[in-house]
Amino acid sequence: MRRFSAISFCAFLAGFFALLISPRSARAQAGPQEGEHEWQIFASGGHGSNGSQMDDGVFNVGARFGLILTKPHGPGFLKGRLEYALDVLPLFCVTQANGTACGGGVDPFAFKWILSTPRKVAPYFEIAGGTLFTNIKTPPNTSQINFTSGGAIGLHFLQSKHNLSAEIRYQHISNAGMTKPNPGINTIQLRIGFGWFSQKQ
């Protein structure tokens, strides 16, 4: 049931996203530029993908602040810009065998490479890491304090004044050996974001 709920949530996000990117807004926003900021709110949903935690569901909402660090550089189709970002997650829930664990966290670093070739759609990939605090032990019989790490691949859909993003995210959650056993949770998530890049005058 938990996995069904997580998949249903992902399907809802995908449908909602499809409505948002309908052709009502045809003119593309200028892509990210060196020295500009990214502002974004996002929601993610998914489920565990390993062993005893495979049926765990995850859901979170958060906000991102980013800074475009470089001009485009790199070879061929990999030419792009590097962005540093900070994510704050005021709500992060995990449905697991002993109930639903809820809390929040912060990812103090995310490094994103945004490809610069397409104009209306900007592919990207990133790595990120941070901490997670929950009201009950996650997974059961481990710790209420965990560390997160992972990566994502996604797309920015540039609109006239804002952008929408969709990405597939892998995230590992564990307490880095503070308790034993430490099974950790490997998750696959769909993240949908709404935001904008500040535009130079």
Side-chain angles (χ1 to χ4, degrees), residues 9-10 13-14 16-18 20-21 25 27-46 58-93 103-133 146-173 187-201:
F9 173 75
C10 289
L13 281 181
F16 178 70
F17 178 72
L20 287 176
I21 63 171
S25 180
R27 187 168 63 90
Q29 179 194 34
Q33 302 292 327
E34 178 190 12
E36 293 179 350
H37 297 117
E38 179 186 11
W39 304 87
Q40 186 187 73
I41 55 174
F42 59 81
S44 300
V58 293
F59 170 76
N60 59 77
V61 295
R64 163 168 288 195
F65 169 77
L67 174 64
I68 309 299
L69 299 177
T70 69
K71 295 179 179 179
H73 63 274
F77 73 95
L78 289 176
K79 184 177 181 180
R81 299 172 174 87
L82 179 64
E83 176 185 352
Y84 164 78
L86 166 71
D87 288 351
V88 177
L89 299 103
L91 178 65
F92 197 118
C93 292
V106 59
D107 293 343
F109 80 88
F111 290 100
K112 180 163 67 173
W113 188 256
I114 308 173
L115 302 183
S116 57
T117 357
R119 180 166 177 78
K120 294 185 178 180
V121 179
Y124 63 87
F125 51 91
E126 72 170 64
I127 57 172
T131 55
L132 172 64
F133 306 91
N146 281 282
F147 302 94
T148 61
S149 60
I153 55 172
L155 299 170
H156 280 297
F157 296 86
L158 302 175
Q159 308 293 304
S160 58
K161 295 182 179 179
H162 59 269
N163 72 81
L164 305 165
S165 66
E167 67 182 47
I168 299 297
R169 176 170 292 264
Y170 166 83
Q171 186 176 59
H172 176 71
I173 303 169
T187 68
I188 302 295
Q189 302 174 31
L190 170 66
R191 177 186 282 193
I192 302 299
F194 173 87
W196 59 94
F197 293 104
S198 63
Q199 297 297 304
K200 292 180 179 179
Q201 300 300 320

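Since this is a predicted model, take the numbers as computed values, not measurements.
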Quick one: does any side-chain atom of Thr148 pair with a main-chain N or O of Gly130 as donor and acceptor, under 3.5 Å? yes
Would you indicate whether the side-chain heavy atoms of Glu38 and Lys112 approach each other to under 4.5 Å? yes
Who passes side chain to side chain contact (heavy atoms under 4.5 Å, CB included) against Ala110, sequence neighbours left out? Arg64, Ala85, Glu126, Ala128
Flag side-chain contact, heavy atom, 4.5 Å: Lys79 against Leu115: no
Is there side-chain contact between Phe197 and Leu158, with at least one heavy-atom pair below 4.5 Å? yes
Can you tell me how far CD1 of Ile188 sits from OG of Ser44, rounded to the nearest 0.5 angstrom? 12.0 Å
In chain order, what residues pass the salt bridge (Lys or Arg N to Asp or Glu O under 4.0 Å) check against Asp107, with sequence neighbours excluded? none
State the CZ-CD1 distance between Phe92 and Ile173, to the nearest 0.5 angstrom. 4.0 Å
Please examine the side chains of Val106 and Leu86, heavy atoms only from C-beta on, and report whether any two atoms are closer than 4.5 Å. yes
Parallel, tilted or perpendicular, judged at 30° and 60°: which one describes the rings of Phe109 and Phe111? tilted
Is any side-chain heavy atom of Gln189 closer than 4.5 Å to a side-chain heavy atom of Val58? yes
Rounded to the nearest 0.5 Å, the CZ atom of Arg169 sits from the CD atom of Gln171 at a distance of 7.0 Å
Ile41 CD1 to Ile192 CD1 distance, which is reported to the nearest 0.5 Å: 12.5 Å
Whether the side chain of Ser198 engages the backbone of His37 through a donor-acceptor N/O pair (distance < 3.5 Å, no angle test) should be reported. yes
Between Asn163 and Phe194, does a side chain to side chain contact (heavy atoms under 4.5 Å, CB included) hold up when you go through it step by step? CA-CA 6 Å; Asn163 72 81; Phe194 173 87; over 6 Å; no
Ser165 and Gln40: side-chain donor and acceptor closer than 3.5 Å? yes
Distance-only criterion, 3.5 Å: show the donor-acceptor pairs between side-chain atoms of residues 65-78 and protein atoms not counting sequence neighbours.
| from | atom 1 | to | atom 2 | distance (Å) |
| --- | --- | --- | --- | --- |
| Thr70 | OG1 | Leu82 | N | 3.0 |
| His73 | ND1 | Lys71 | O | 3.0 |

Does the side chain to side chain contact (heavy atoms under 4.5 Å, CB included) test come out yes or no for Phe133 and Asn146, once each step is laid out? CA-CA 6 Å; Phe133 306 91; Asn146 281 282; over 6 Å; no
Are Arg81 and Ser116 close enough that some pair of their side-chain heavy atoms sits under 4.5 Å apart? yes
Side chains of Ile168 and Leu190 in contact at under 4.5 Å (non-hydrogen atoms): yes
Among residues at least two apart in sequence or on other chains, which ones pass ring-ring contact (aromatic ring centres under 6.0 Å, His included) with Tyr124? His156
Checking Tyr170 now: which residues fulfil side-chain hydrogen bond (donor to acceptor under 3.5 Å, both in side chains) with it, not counting sequence neighbours? Asn186
State which residues pass side chain to side chain contact (heavy atoms under 4.5 Å, CB included) with Ile153; sequence neighbours excluded, sorted by chain then number. Phe125
Which heavy atom in Val61 sits nearest to a heavy atom in Ala43, and how many Å separate them? CG1-CB, 3.9 Å
